[in-house]
Amino acid sequence: QVQLVESGGGLVQAGDSLRLSCVASGRTLSGSAMGWFRQAPGTDREFVGYIRWRSEITWYAESVKGRFTISRDNAKNTVYLQMNNLKPDDTAIYYCAVTNRITLLSRSDSYDYWGQGTQVTVSS
């Protein structure tokens with residue numbers, strides 16, 4: 001069993017930055033991948049990016065590439081989502097998730113455990 005707790009969301013203006021955190025507990029993450037997804041009202045959950053815990057290899061959705069960065073702190077069992085140059089279209093609830101799978105990491109159904117989400121609202 002893994003528990004994930006996100007934090008760091010809030011209300012910001014277009015062009016601002018935010019850093020989300022996701023603290024994991026319950027098991028070692030060395031063989032895992034951590035993903036970030038988001039969901040706006042009335043839409044499906046959307047892939048944002050992932051990080052492979054051991055190698056720190058990352059991958060991003062085209063919509064956030066160049067603006068968002070995922071990193072992790074092994075000692076704190078925490079993964080971060082640094083979001084720069086935020087746009088109103090980035091408004092959503094952001095979720096972190098964990099999986100031991102090594103493929104199809106952009107699919108939400110590849111992940112086993114999810115956090116409760118944190119709201120990010122970007123005003124124009």
Side-chain angles (χ1 to χ4, degrees):
Q1 192 77 9
V2 178
Q3 293 78 44
L4 303 173
V5 179
E6 302 100 332
S7 62
L11 171 63
V12 297
Q13 293 186 330
D16 285 351
S17 298
L18 273 178
R19 189 178 78 160
L20 307 184
S21 301
C22 174
V23 180
S25 61
R27 78 172 191 207
T28 179
L29 297 174
S30 61
S32 302
M34 300 289 291
W36 284 98
F37 291 78
R38 65 187 182 185
Q39 189 167 20
T43 68
D44 294 331
R45 194 162 292 188
E46 176 190 19
F47 169 72
V48 173
Y50 69 76
I51 184 168
R52 297 185 186 273
W53 194 266
R54 184 178 290 125
S55 66
E56 297 187 82
I57 292 173
T58 56
W59 187 258
Y60 301 95
E62 285 298 321
S63 58
V64 306
K65 199 172 289 185
R67 299 188 298 122
F68 291 11
T69 303
I70 299 174
S71 61
R72 62 100 168 125
D73 185 327
N74 192 48
K76 296 181 179 180
N77 243 26
T78 299
V79 64
Y80 302 100
L81 178 64
Q82 176 67 44
M83 305 184 293
N84 298 329
N85 190 23
L86 282 160
K87 305 175 181 180
D89 285 349
D90 295 319
T91 296
I93 299 174
Y94 283 71
Y95 300 89
C96 65
V98 65
T99 181
N100 282 340
R101 295 176 176 86
I102 58 174
T103 60
L104 302 178
L105 295 179
S106 63
R107 293 172 56 108
S108 60
D109 59 1
S110 293
Y111 291 80
D112 304 304
Y113 299 97
W114 292 80
Q116 83 288 350
T118 185
Q119 176 72 48
V120 173
T121 304
V122 185
S123 64
S124 57

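Remember, predicted model here, so these are calculated numbers, not experimental data.
Side-chain atoms of Asn77 come within 3.5 Å of backbone atoms of Ala24 as a donor-acceptor pair (strictly under, hydrogens ignored). Arg107 places no side-chain N or O within donor-acceptor distance of the main-chain N or O of Thr103, the cut-off being under 3.5 Å.
No more than 12 heavy-atom neighbours from other residues, nucleotides or ligands sit within 6.0 angstrom of CZ on Arg54. Around atom CG of Asp109, more than 12 heavy atoms belonging to other residues, nucleotides or ligands sit under 6.0 Å away. Annotation for Trp59: atom CH2 does not count as buried by contact number, only 12 or fewer foreign heavy atoms lying within 6.0 Å. Heavy atoms from other residues, nucleotides or ligands lying under 6.0 Å from NZ of Lys76 number 12 at most. For CD1 of Ile102, the number of neighbouring non-hydrogen atoms (other residues, nucleotides, ligands) closer than 6.0 Å is 12 at most.
In this structure, Ser124 OG and Lys87 NZ are separated by 13.5 Å, a value rounded to the nearest 0.5 Å. Put simply, OG on Ser21 and CZ on Arg72 are 15.0 Å apart, with the number rounded to the nearest 0.5 Å. Ser106 contributes atom OG, which lies 7.0 Å from atom CZ of Phe37 (distance to the nearest 0.5 angstrom).
Among pairs with a residue in residues 5-16, none fulfils salt bridge (Lys or Arg N to Asp or Glu O under 4.0 Å), at least two apart in sequence or across chains. For the salt bridge (Lys or Arg N to Asp or Glu O under 4.0 Å) condition, the pairs that include at least one residue of residues 28-40, sequence neighbours left out, are Arg38-Glu46, Arg38-Asp90.
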Query raised in the report: Should Asp112 and Arg101 be marked as a side chain to side chain contact (heavy atoms under 4.5 Å, CB included) after you check the CA-CA gap, both sets of side-chain angles, and the distance that decides it?
Result: CA-CA 9 Å; Asp112 304 304; Arg101 295 176 176 86; 3.0 Å; yes
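Here the closest non-hydrogen pair linking Ser32 and Asn100 is OG-OD1, 2.9 Å. Gln39 approaches Thr43 most closely through the heavy-atom pair NE2-O, 3.0 Å. Shown here for Pro88 and Ala14, the closest heavy-atom pair between the two residues is CD-CB, 4.1 Å. Between Ala61 and Phe47, the shortest heavy-atom contact is CB-O, 3.4 Å.
With a 4.5 Å cut-off on side-chain heavy atoms, Thr58 and Glu56 do not count as touching. Side-chain contact between Tyr50 and Tyr111 is present, with heavy atoms from C-beta onward closer than 4.5 Å.
Cluster partners of Val98, using a side-chain heavy-atom cutoff of under 4.5 Å among ILVMFWY residues and allowing indirect links, are Val2, Leu4, Val12, Leu18, Leu20, Leu29, Met34, Trp36, Val48, Ile51, Trp53, Tyr60, Val64, Phe68, Ile70, Val79, Leu81, Met83, Leu86, Tyr94, Tyr113, Val120, Val122.
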